[in-house]
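Okay, structure first, notes after.
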Number of protein chains: 2
Amino acid sequence: MALHAETVARRAPLNRERVLQTAVDLADAGGIEDLSMRRLAQELGVVPMALYKHVANKEELLDGMVEIVVREIDAPDPDSDWKTAVRQRILSARRALLRHPWGRRVLESRNAPTPTVLAYMDSMIGMLRSGGLSIDLTHHVMHAIGSRMFGFSQELFTENGSAAADVTLPAATLAQIAAIYPNIAEVVARASHDEASVVGSGCDDQFEFEFSLDLLLDGFERLHLQRWSSTQPS
Amino acid sequence: MALHAETVARRAPLNRERVLQTAVDLADAGGIEDLSMRRLAQELGVVPMALYKHVANKEELLDGMVEIVVREIDAPDPDSDWKTAVRQRILSARRALLRHPWGRRVLESRNAPTPTVLAYMDSMIGMLRSGGLSIDLTHHVMHAIGSRMFGFSQELFTENGSAAADVTLPAATLAQIAAIYPNIAEVVARASHDEASVVGSGCDDQFEFEFSLDLLLDGFERLHLQRWSSTQPS
DNA sequence: ACCTGAACACCGTTCAAGT
DNA sequence: ACCTGAACACCGTTCAAGT
């Protein structure tokens with residue numbers, strides 16, 4: 001009896017908030033593949049089925065985790081012009097995603113947007129409209145930004161560290177690669193020469209992200225200034 | 001004895017080619033989530049362990065499936081200018097991916113690029129270099145295109161059909177959504193009005209893909225013409 | 001009313017035994 | 001040498017029994 005009471009008292013009462021936050025912590029620490037309902041229950045000191053009191057199923061758990069990540073994105077700066085404000089906000093989203101590397105994969109696996117995601121999108125549209133962009137242009141801009149608005153890049157093979165064109169192989173095999181893929185070798189050689197300070201990939205992810213983001217934003221601005229319309233393409 | 005001989009004769013001899021092609025067919029028909037080693041073995045009329053004679057593990061199976069998809073991408077047209085040739089090739093990649101909707105997810109899950117993927121990237125770099133782009137610009141262009149070179153879009157919640165901003169809900173709840181997300185509602189209302197002919201999403205995926213692809217390609221061309229360099233940003 | 005153990009229907013893969 | 005059944009260590013979730 002006493003033992004039983006002590007056991008109950010020792011563990012903090014489970015609630016949805018604590019379930020979600022522990023799931024986030026687990027994914028942050030061990031990656032999303034280490035997160036299972038059974039593993040999460042173990043971490044919380046309960047039996048797996050106890051979780052189903054607070055989340056309907058694993059999908060709802062993942063939805064809740066997405067909400068936590070998206071809520072970390074800074075509010076828009078009302079004093080900046082639309083392009084600067086959008087840029088800053090997306091860079092803030094990227095920082096949130098760097099804190100939670102599993103966020104990208106999980107967000108992309110969702111079937112439907114959660115309320116927080118919809119609110120973020122609504123806010124983003126509002127920023128573009130406040131900048132004077134037409135509804136038409138805003139619509140296509142939202143498609144063009146796509147999940148980049150959450151700070152996703154669209155790079156190759158970055159999930160697990162190194163990008164495809166980046167070579168962490170010994171120089172011996174690099175020569176062999178050059179024989180088969182001469183163009184890749186040329187680019188890699190140049191990149192590693194220019195940016196030798198960057199360890200690992202040899203590429204500056206932040207630079208690459210801003211490079212493509214700015215290319216798109218500049219394109220949007222150009223279309224806006226020339227009063228682009230989808231019915232009369234230039 | 002006779003029965004046994006008949007059983008052996010009835011099933012075509014297993015080989016790597018047939019294992020991979022059957023896996024592709026299964027994924028095409030039932031989605032990637034229906035593809036398991038056990039399910040694939042069943043389809044081929046063998047015991048699960050028989051597959052491990054032809055592929056080391058499931059990862060290698062998925063690699064092989066990626067190779068099949070990427071090999072379907074058309075070769076570059078040597079007579080077109082670089083921008084047109086790149087554009088055509090990426091649109092061909094997109095068609096391949098539309099035939100194998102699981103391709104995106106599987107390709108993104110790979111840890112390292114397969115030989116066919118590397119060859120495709122090498123060829124893409126070659127096209128840019130032939131167009132006169134500097135190694136420096138080519139490098140950053142490759143990052144900026146990223147997985148879009150395989151025909152991936154970066155749209156939201158498109159995996160399972162409808163994009164986030166698209167409303168397939170009854171009009172009654174649309175009004176409720178408008179109260180909470182007025183900016184989304186405004187864009188959706190306009191889009192469904194303009195493109196009422198398109199069923200489902202109300203958005204023309206092909207148009208959106210080409211819109212952002214051309215924005216990027218035009219940006220690349222502009223940087224090339226003004227002799228852009230990463231060491232001296234404009 | 002609440003909690004929970006056992007069970008179900010799956011996974012990918014290992015391993016040892018059988019032919 | 002080749003093939004294969006059983007087993008291992010997992011999943012998410014259901015369900016009925018226990019308190």
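Heavy atoms only: backbone and side chains are in, while hydrogens, waters and symmetry mates are out. Throughout, protein chains are lettered first and strands after them, A, B, ... in sequence-line order, and every chain is numbered starting at 1.
The gap from the P atom of D:dA9 to that of C:dA9 amounts to 22 Å, rounded to the nearest Å.
Scored by the salt bridge (Lys or Arg N to Asp or Glu O under 4.0 Å) test, B:Arg148 finds no partners at all (sequence neighbours excluded). Annotation: side-chain contact (heavy atoms from CB on, under 4.5 Å) contacts of A:Asn183 (sequence neighbours excluded): B:Asp122, B:Ile125. For A:Thr22, there are no side-chain hydrogen bond (donor to acceptor under 3.5 Å, both in side chains) partners at least two apart in sequence or on another chain. Considering only residues two or more places apart in sequence or on other chains, A:Thr116 meets the side-chain hydrogen bond (donor to acceptor under 3.5 Å, both in side chains) condition with A:Glu67. The side-chain hydrogen bond (donor to acceptor under 3.5 Å, both in side chains) search around A:Ser123 returns A:Arg89, not counting sequence neighbours. In this view, B:Glu17 satisfies the salt bridge (Lys or Arg N to Asp or Glu O under 4.0 Å) rule with no residue, not counting sequence neighbours. Partners of A:Ser212 by side-chain hydrogen bond (donor to acceptor under 3.5 Å, both in side chains), not counting sequence neighbours: none found.
Among residues at least two apart or in separate chains, there is no salt bridge (charged side-chain N to carboxylate O under 4.0 Å, His left out) pair with a member in residues 22-37 of chain B.
Rounded to an integer number of Å, the gap from A:Leu51 CG to C:dT4 P is 11 Å. Spacing between atom CD of A:Glu33 and atom P of D:dC11 amounts to 12 Å, rounded to whole angstrom units. Protein atom NE2 of A:His54 is 12 Å distant from nucleotide atom C1' of C:dC3, rounded to whole Å. When the P atom of D:dG5 is taken as reference, atom CD of B:Gln42 falls 14 Å away, rounded to whole Å. Atom CD in A:Glu60 sits about 15 Å away from atom P in D:dG12, given to the nearest Å.
With respect to A:Arg104 and A:Glu108, a salt bridge is recorded, a charged nitrogen being found less than 4.0 Å from a carboxylate O.
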Distance-only donor-acceptor pairs under 3.5 Å for side chains of residues 38-51 of chain B, two or more places apart:
unit_1: B:Arg39; atom_1: NH1; unit_2: B:Glu43; atom_2: OE1; d: 3.1

### Test side chain to side chain contact (heavy atoms under 4.5 Å, CB included) applied to A:Ser147 and B:Glu155, step by step
CA-CA 6 Å; A:Ser147 52; B:Glu155 304 240 353; over 6 Å; no
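For DNA chain C, runs of at least 3 consecutive pairs of the Watson-Crick or G-U wobble type, with both hydrogen-bonding distances under 3.5 angstrom, map to C:4-8 with D:12-16, C:12-16 with D:4-8.
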Under-3.5 Å N/O pairs linking protein and nucleotides 13-16 of chain C:
unit_1: C:dT13; atom_1: OP2; unit_2: B:Tyr52; atom_2: OH; d: 2.8
unit_1: C:dT13; atom_1: OP2; unit_2: B:Lys58; atom_2: N; d: 3.0

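Comparing B:Lys53 and A:Leu35 along DNA chain D, the residue whose closest nucleotide (by nearest heavy atom) sits nearer the 5' end is B:Lys53.
DNA chain D is contacted by no residue of residues 22-30 of chain B, taking any non-hydrogen atom closer than 4.0 Å.
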